[in-house]
*Asks:* 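I am attaching a structure below and will ask some questions about it afterwards.
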Amino acid sequence: MQRSVLPVDDPYRGDRVAEIPLLGADEARQRVRRSARAQAAWADRPLEERMALCEGTMEAFEANGEAIARNVSRQMGKPIAQSRQEVLTCLARARRMIELAPAALAPREIPAGAGQLRRISREPVGVVLDIAAWNYPLLIAANVVIPAVLAGDAVLLKHAARTPLCADAFADAFADAGAPDDLVLPFPADHETVALALSMPEIGYASFTGSVRGGHEVYLAVARRFIDAGLELGGKDPAYVAEDADLDAAIEGLADGSFYNAGQSCCGIERIYVHRSLHERFVEGLVAAARRYEPGDPLDAHTSLGPLADPRACELLSRQIGEALSLGATLRCGGARVRHGPCDGFFAPTVIDHADHRMELMREESFGPLVGVQPVASDEEAIEKMNDSRYGLTASIWSRDPERGLRIGARLQAGTIYLNRCDFLDPSLAWTGVRDSGKGTSLSAFGFLPLTRPKSWNFSFPNHATPG
């Protein structure tokens with residue numbers, strides 16, 4: 001029987017980047033079991049050794065950074081300057097998780113009387129299946145792979161069909177750093193085979209970044225086994241420009257939040273509410289900033305706008321724009337598919353003014369360089385509209401007054417609240433969402449919790465010294 005192969009094409013040039021053989025059912029079972037055997041031995045290694053391996057892995061990753069960045073650009077169309085930045089951010093994020101590991105994984109000693117010991121330790125869950133997305137293929141994977149290995153788990157990395165070579169990049173870097181065989185393995189598989197893996201007892205946790213529909217499928221699968229899953233799903237992240245905002249900073253920050261990576265960011269800005277006193281000046285500035293993004297060859301270091309990873313996404317953006325205009329919104333710039341060189345999969349950065357919540361572009365994920373703007377009369381109106389969503393990943397406030405930011409942020413329903421910034425992950429802070437943006441936590445000390453399970457120690461030993 002012929003083995004299924006996953007073809008990966010360059011979205012800009014159209015040529016073949018790679019062909020990845022997919023695992024059959026028997027191969028998948030074997031890979032899960034190999035991973036479990038590696039994990040059983042790895043769990044006995046001291047934390048210092050795990051930390052040293054992860055640091056060595058990042059050194060190997062860094063040494064191969066240019067090739068990794070080019071592979072990202074070739075697989076999903078990200079401009080090479082942005083791919084290089086993703087490599088650097090991946091290194092910094094991983095190293096921060098290494099720094100956090102000793103305190104996060106340390107056993108908690110509970111006060112006890114003489115001749116007693118009370119302790120809660122963190123034990124590895126076993127094999128972690130990480131189902132990673134393509135838009136930030138290195139960062140999304142690193143959020144799970146590095147803390148899982150630090151926690152004593154093994155990892156199977158099932159990367160998106162658009163970016164499977166990123167799984168190989170992590171596995172190769174671990175191998176180059178001297179990792180035990182099978183500790184971190186690529187898991188190229190179709191949906192049916194992923195479901196098979198999730199049914200196996202060796203899998204102790206699943207992490208999924210992707211669509212709401214995909215999150216439901218993963219959560220239903222793990223529910224049959226009473227294991228947990230971390231789900232980072234859709235977003236329709238809002239921003240509010242208050243009347244006291246630094247207007248120039250808000251324009252530049254929100255343009256970057258809306259159009260960087262061609263708008264293909266989980267926490268990118270997709271809807272902006274602006275106080276009426278600043279509305280027209282803000283929109284004029286945002287349009288000027290949007291026009292600075294020009295399509296180009298992703299491998300050209302000067303390119304700021306790459307093609308959409310999936311050219312079919314242009315159809316969704318066009319439909320959302322058409323509906324908004326039919327309901328009375330105004331097109332201020334962009335609004336159309338663009339060709340550059342051999343590729344017609346670009347979409348011009350687009351600003352839709354006087355958008356409102358009747359329109360899909362203010363309610364449902366666009367995941368492209370498209371943002372709607374709506375004027376508001378007050379903080380109260382902005383809060384109401386920002387919360388009027390089935391999503392809740394991040395929310396961004398622009399104001400010169402930190403107390404105002406705290407008051408507004410306390411009432412916003414989102415996993416991360418920003419003041420005077422957006423579309424940024426700090427690895428020292430918990431990354432999480434509410435409602436259809438998913439469940440669970442990655443990054444920070446809290447990111448180690450789902451990758452471990454608590455074990456309680458309740459000892460009584462009269463007439464003996466308390467053990468260490």
Side-chain angles (χ1 to χ4, degrees), residues 35 38-39 42-61 86 89-108 120-133 136-159 166-167 169-171 173-174 177 179-180 183-187 203-209 227-232 266 415-416 425-433 438-455:
S35 185
Q39 189 277 327
W42 181 244
D44 291 333
R45 304 289 183 90
L47 178 58
E48 293 75 13
E49 185 175 338
R50 300 178 200 166
M51 293 169 64
L53 174 65
C54 288
E55 178 55 43
T57 296
M58 288 301 99
E59 291 172 2
F61 203 87
E86 186 173 352
T89 305
C90 182
L91 296 170
R93 186 173 296 180
R95 286 168 173 152
R96 181 56 181 149
M97 296 307 291
I98 295 169
E99 292 171 355
L100 292 172
L105 296 172
R108 177 171 296 184
I120 303 171
S121 61
R122 304 299 311 185
E123 306 293 315
V125 295
V127 177
V128 172
L129 178 57
D130 183 16
I131 308 169
Y136 283 90
L138 305 178
L139 296 178
I140 289 169
N143 289 354
V144 176
V145 175
I146 298 300
V149 171
L150 289 166
D153 299 314
V155 180
L156 294 170
L157 179 51
K158 191 281 175 198
H159 225 295
C166 294
F170 280 95
F174 271 96
L183 184 66
V184 175
L185 289 172
F187 196 78
I203 301 294
Y205 180 76
S207 174
F208 173 78
T209 304
I227 64 171
D228 206 355
L231 308 172
E232 186 193 328
C266 302
T416 296
L425 274 70
D426 182 338
S428 296
L429 298 176
W431 188 242
T432 188
K439 67 174 293 292
T441 304
S442 62
L443 300 178
S444 78
F446 290 91
F448 289 94
L449 296 180
L451 301 168
T452 57
R453 61 171 60 92
K455 176 185 282 187

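Values below: all heavy atoms of this structure, side chains included; hydrogens, waters and symmetry mates excluded. One-based numbering along the sequence shown.
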*Asks:* Search all heavy atoms of His159 against all heavy atoms of Ala167 and return the closest pair with its distance.
*Replies:* CD2-N, 3.9 Å
*Asks:* State which residues pass ring pair (Phe, Tyr, Trp, His ring centres under 6.0 Å) with Tyr205; sequence neighbours excluded, sorted by chain then number.
*Replies:* none
*Asks:* Please list, chain by chain and in numerical order, all residues satisfying salt bridge (charged side-chain N to carboxylate O under 4.0 Å, His left out) with Glu99, sequence neighbours excluded.
*Replies:* Arg96
*Asks:* Is a donor on one side and an acceptor on the other found under 3.5 Å between the side chain of Arg50 and the backbone of Ala43?
*Replies:* yes
*Asks:* Examine distances only and state if a side-chain atom of Thr209 and a backbone atom of Ala132 form a donor-acceptor pair shorter than 3.5 Å.
*Replies:* no
*Asks:* Show your working on side chain to side chain donor-acceptor pair (under 3.5 Å) between Thr57 and Glu59 and close with a plain yes or no.
*Replies:* CA-CA 5 Å; Thr57 296; Glu59 291 172 2; over 6 Å; no
*Asks:* Can you list every pair that meets salt bridge (charged side-chain N to carboxylate O under 4.0 Å, His left out) and has a residue in residues 141-150, with sequence neighbours left out?
*Replies:* none
*Asks:* Who passes side-chain hydrogen bond (donor to acceptor under 3.5 Å, both in side chains) against Thr452, sequence neighbours left out?
*Replies:* Arg122
*Asks:* Quick one: does any side-chain atom of Lys158 pair with a main-chain N or O of Phe208 as donor and acceptor, under 3.5 Å?
*Replies:* no
*Asks:* Sequence neighbours excluded, which residues qualify as side chain to side chain contact (heavy atoms under 4.5 Å, CB included) partners of Arg45?
*Replies:* Trp42, Glu49, Pro180
*Asks:* Looking at residues at least two apart in the chain, or sitting in another chain, which of them share a ring pair (Phe, Tyr, Trp, His ring centres under 6.0 Å) with Phe170?
*Replies:* Phe61
*Asks:* Donor-acceptor pairs under 3.5 Å, side chain of residues 136-155 to any protein atom, not counting sequence neighbours: which ones?
*Replies:*
| from | atom 1 | to | atom 2 | distance (Å) |
| --- | --- | --- | --- | --- |
| Asn143 | OD1 | Arg93 | NH1 | 2.9 |
| Asp153 | OD1 | Val125 | N | 2.8 |
| Asp153 | OD1 | Gly126 | N | 3.0 |

*Asks:* What are the two closest heavy atoms between Ser444 and Leu429, and how far apart are they?
*Replies:* CB-C, 3.4 Å
*Asks:* With sequence neighbours left out, write down each residue that passes side-chain hydrogen bond (donor to acceptor under 3.5 Å, both in side chains) with Gln39, or none if nothing qualifies.
*Replies:* none
*Asks:* Checking Thr441 now: which residues fulfil side-chain hydrogen bond (donor to acceptor under 3.5 Å, both in side chains) with it, not counting sequence neighbours?
*Replies:* none
